[in-house]
Amino acid sequence: MTRYEPVIGLEVHVELQTASKIFCHSSTAFGGDPNNHVCPVCLGLPGTLPVLNRNVVEAAIMVGLSLNCSVARFCKFDRKHYFYPDLPKNYQISQYDLPIAYDGYLDVEDEDGQPVRIGITRVHMEEDAGKLLHQGTIATTPYSLVDYNRTGVPLLEIVSEPDMRSPQEARAYLDKLKTIIQYTGVSDCRMEEGSLRCDANVSVRVRGSDTFGTKTEIKNMNSFRALQKAVQYEIERQIECLETGERIVQETRTWDETRGVTLSMRSKEEAHDYRYFPEPDLVPIVISPLWIEEITQQLPELPDARCCRYMDAYKLPAYDAGVLTSSKELGNYFEECVSLYPQPKTVSNWLMGELLRLLNDTNSEIGEARVRPAQLAGMLALIDKGTISGKLAKEVFEEMFRTGKDAQAVVKEKGLEQISDEASINAVIEQVIADHPGPVSDYRAGKERALGFMVGQVMKLTRGKANPGLVNRLLKDRLG
Amino acid sequence: MEICELTAHKLHNLLTSKEIRAEEVCLAVFKRINQVEDKVKAYLSLVREEALEKARAVDRKIDRGEAISPLAGIPVALKDNLCTKGLKTTCASKILYNFVPPYNATVVDKLRQEDAVITGKTNMDEFAMGSSTENSAFQKTCNPWSLDCVPGGSSGGSAAAVAAGEAICALGSDTGGSIRQPAAFCGVVGMKPTYGTVSRYGLVAFASSLDQIGPFARDVTDCALMLNAISGHDSMDSTSVPTELPDYRNALVEDIDGFRIGVPAEYFAAGLDDRVRRVIEEAITVLEQRGARVEETTLPHTEYALSTYYIIAPAEASSNLARYDGVRYGYRVEEAEDVVDMFSRTRSRGFGAEVKRRVMLGTYALSAGYYDAYYLKALKVRTLIRRDFERAFEKFDFLISPTTPSTAFRFGEKVDDPLTMYLSDVFTLAVNLAGLPGVSIPAGFVDGMPVGLQLIGKPFSESTLLRAAYTFEQSTAHHLKRPPLTGEVK
Ligand SMILES: [Zn+2]
């Protein structure tokens, strides 16, 4: 790797969550029986005409602005031609030479935590295609069926500059892009459901060279992990080609997840001449400065700004602020909790420690969590009041996470209330002293460590419910 | 004159004065269809029962004393590239031989709202590509003035139906002259409105930036009534104009005193039949006698209109016609190796020669390496052609010219020589390239065959054109002649 430098650029497609499709009134709802979310327009029936959904333009402008792009004052749609049965008109309405937004960037961190700025070449609007259903594989199926439900669902294509230099950077870029778009609320960016798709352009060159090597385009990466692995594989494959003197072919390659390799797709795919020309059925889009200003006003606080605010207003360490703002929902969760329990670092610890761990263990997302911010705040208050110990609180929280019950109810049900009554604790202390004469004399002989053992024994006998601070003090009093 | 030979406005008066019933009008038209359709062959499909039912509904409205719209009970024919819900819409192509749209074109809905009586769908050149209707995959339509001549095209069926009394009015589409040229050949009024005046929703696209739907009628008044019915903004067509349009009946004023009319010299150059020229010169004299000031002018880029048109129209057509692949509707070959093979066999067999020629031309013009030299260049010339007109309109209220260089030609005369055929539209193409309104009106006859006078206006000046056309019509009697329906049927 050291002699060579990878050069990576990403082409990302994001499905927009508008209620209706880009050029007709059909629903964009995911799923549904095949060919149920269709109409004559998105089926491209003879004589039908597209009419642009204004919400798509607003979403595109919003994404453009949040990626620091210039927004075009004037743009248009073009037809991109290729014959494929999932494309009802055999052309896709897309944008060619005048995209809606261009020349942007976003900032990520490289492996060493150093900031890297990744250029964004362009953002453009286009319509999605349908889906072919085969019996078995495409090669052996006796016939294929077509589902046009996705046809005409609005897409944004976001093309980066070839500014990434490692698979980790590529992944960081995609993570950041996803976060930003989720913040704008125009897409849920679920790679598994196909509302976020990513192709990678990969080449390698001798470090220090100022020209690019021959690139390949990698398709079919269905997760963030897959992107990183596929790009890693492709870099290594290309380096090996260079080392052994083999020619790198400019081609499209598909990522085979099970085998962990990229494979050449038919080179016929490369012979495409899309014969772009301006879509005559749509009028050009004129975007006034006023319209851009209106959308700028609607723009939500974006992750970078929110992260700074967390460090500034809540005095959180950069790491905490970064994690908490990495998803809009997590940030919202945090802020709601802090508004009820104004100790940001404590809340942050609980979210980054317990909540994220439990979400990860159950493979679920913050939006699905049954325990709500107010409940977490309530539990933290119980700790402060001394009703439960910090240690038991984890058990309480896990139960709250599982059931969605309030902390108070869990504590009651499980009998986890902290024992802070001196007489009860003293009774246990007496028993521990009687049972462990050795450590008692050790302590009295000056071995401080023996006290820890004694505290542990008290906690054990009270099943963790004794107030640890109180136990400590009472033991010292008794033995001292 | 027989009922089926009357105008819509005359019939409307007879209907409202209860001198005639809509059912009678409808029956008279279908009777004429029965008598002459085997000679004219204007229609690809007829809907007699639905038409009669609609006519009776209009009669009931009249009986109840309700006001009826100007086109209520008027039999209207539709070119077969206008989508009709539940009624086959073939574009005279094998590839759409069985296509039944689940929706109406906006113009069809509008006519239905006016209670017009739809008679059926008329023959045309396949996908509106042609100038003689000989490119229909199904039949040849004959010119009612001489059955051995073509009716013009591509809207030949609609023009012939109106001329022959097989409909009172009709709709066609005009991409490079497809309404005006057959109107001239068949001796009727035919108008191509300004691009954007009439919604294209449901018009099966040939060349989207040039296509416009327009009326055929027996006189200018009917033309205005039809235009009133079909024009106006449509939210389903982004290219339809959002502005309020006038009531075109107000344009039916017999007065052109002081109008400045330009006569473009390029439209009277070589290729124009001398006898047609004389008819047009007589027409100019009539206009002058009515007080118009007629002067020669120039449209210098006229000579490039034909080649510009034959880059832009095929380019758009190659794209618009890509959807006919046999996957979802229409014709599909039975036997195919795989999907690519199915596409190519379906399209090879489903499209006729002229359509394939233009798809090839258009594909070539848009291909990498040729785009700049052909398509982009053509767009630039298109702008120059538009500017020619703008300059002329600084001085003139409208322009006049012959609609076609000659009268209707005989079957087979030009069909084997595409370039000669293309030249029959040489006076009409530029109007589409510039998006202007144009109307062809009966101006006289040469050897018993009609000659059309073309009026070309500024964008959205249909009222001016109708007013001038109406004045001319009131000063002449050409529009009152009806065809003999004779000649040798080939
Ligand atoms: Zn739809």
Do A:T28 and A:H37 touch side chain to side chain, with heavy atoms closer than 4.5 Å? no

Find out whether B:F206 and B:F127 are in side-chain contact, i.e. whether some heavy atom of one side chain is under 4.5 Å from a heavy atom of the other. no

Counterpart residues, side-chain hydrogen bond (donor to acceptor under 3.5 Å, both in side chains), relative to A:D256 (two or more places apart): A:T258

What is the minimum heavy-atom distance between A:P154 and A:T18, and which atoms define it? CG-OG1, 3.2 Å

Pair listing, salt bridge (charged side-chain N to carboxylate O under 4.0 Å, His left out) test, anchored in residues 25-37 of chain A, at least two apart: none

Considering only heavy atoms, which portion of B:P102 lies under 4.5 Å from any heavy atom of chain A: side chain, backbone, both, or neither? side chain

Under 4.5 Å to a heavy atom of chain A? For B:A368 that would be both

Testing the 3.5 Å rule here: is there a donor-acceptor pair between the side chains of A:T121 and A:E161? yes

Under 3.5 Å, is there a donor-acceptor pair between the A:E126 and A:H124 side chains? yes

Looking at A:E251 and A:R253, is there a salt bridge between them, counting it only when a charged N and a carboxylate O are closer than 4.0 Å? yes

With chain B as the partner chain, list the residues of residues 282-294 of chain A whose heavy atoms fall under 4.5 Å from it, by residue number, and write 'none' if nothing qualifies. A:L282, A:V283

Geometric donor-acceptor pairs, no angle filter, chain A-chain B, under 3.5 Å:
from, atom 1, to, atom 2, distance (Å)
A:G44, O, B:R323, NH1, 2.9
A:P46, O, B:Y103, OH, 2.5
A:G47, O, B:G202, N, 2.6
A:P50, O, B:S238, OG, 3.2
A:R79, NH1, B:S319, OG, 2.7
A:R79, NH1, B:N320, OD1, 2.9
A:R79, NH2, B:N320, OD1, 3.2
A:H81, NE2, B:S319, OG, 2.7
A:P88, O, B:R328, NH2, 2.9
A:N90, ND2, B:A322, O, 2.8
A:N90, ND2, B:D325, OD2, 2.8
A:Y91, OH, B:R323, NH2, 3.0
A:Y148, OH, B:R328, NH1, 2.9
A:D273, OD2, B:A368, N, 2.8
A:D281, OD1, B:R200, NH1, 3.1
A:D281, OD1, B:R200, NH2, 3.1
A:D281, OD1, B:S208, OG, 3.4

Nearest-0.5 Å distance, OG of residue A:S187 to CG of residue A:L16: 6.5 Å

If you measure from CE on B:M129 to SG on B:C91, what distance do you get to the nearest 0.5 Å? 9.5 Å

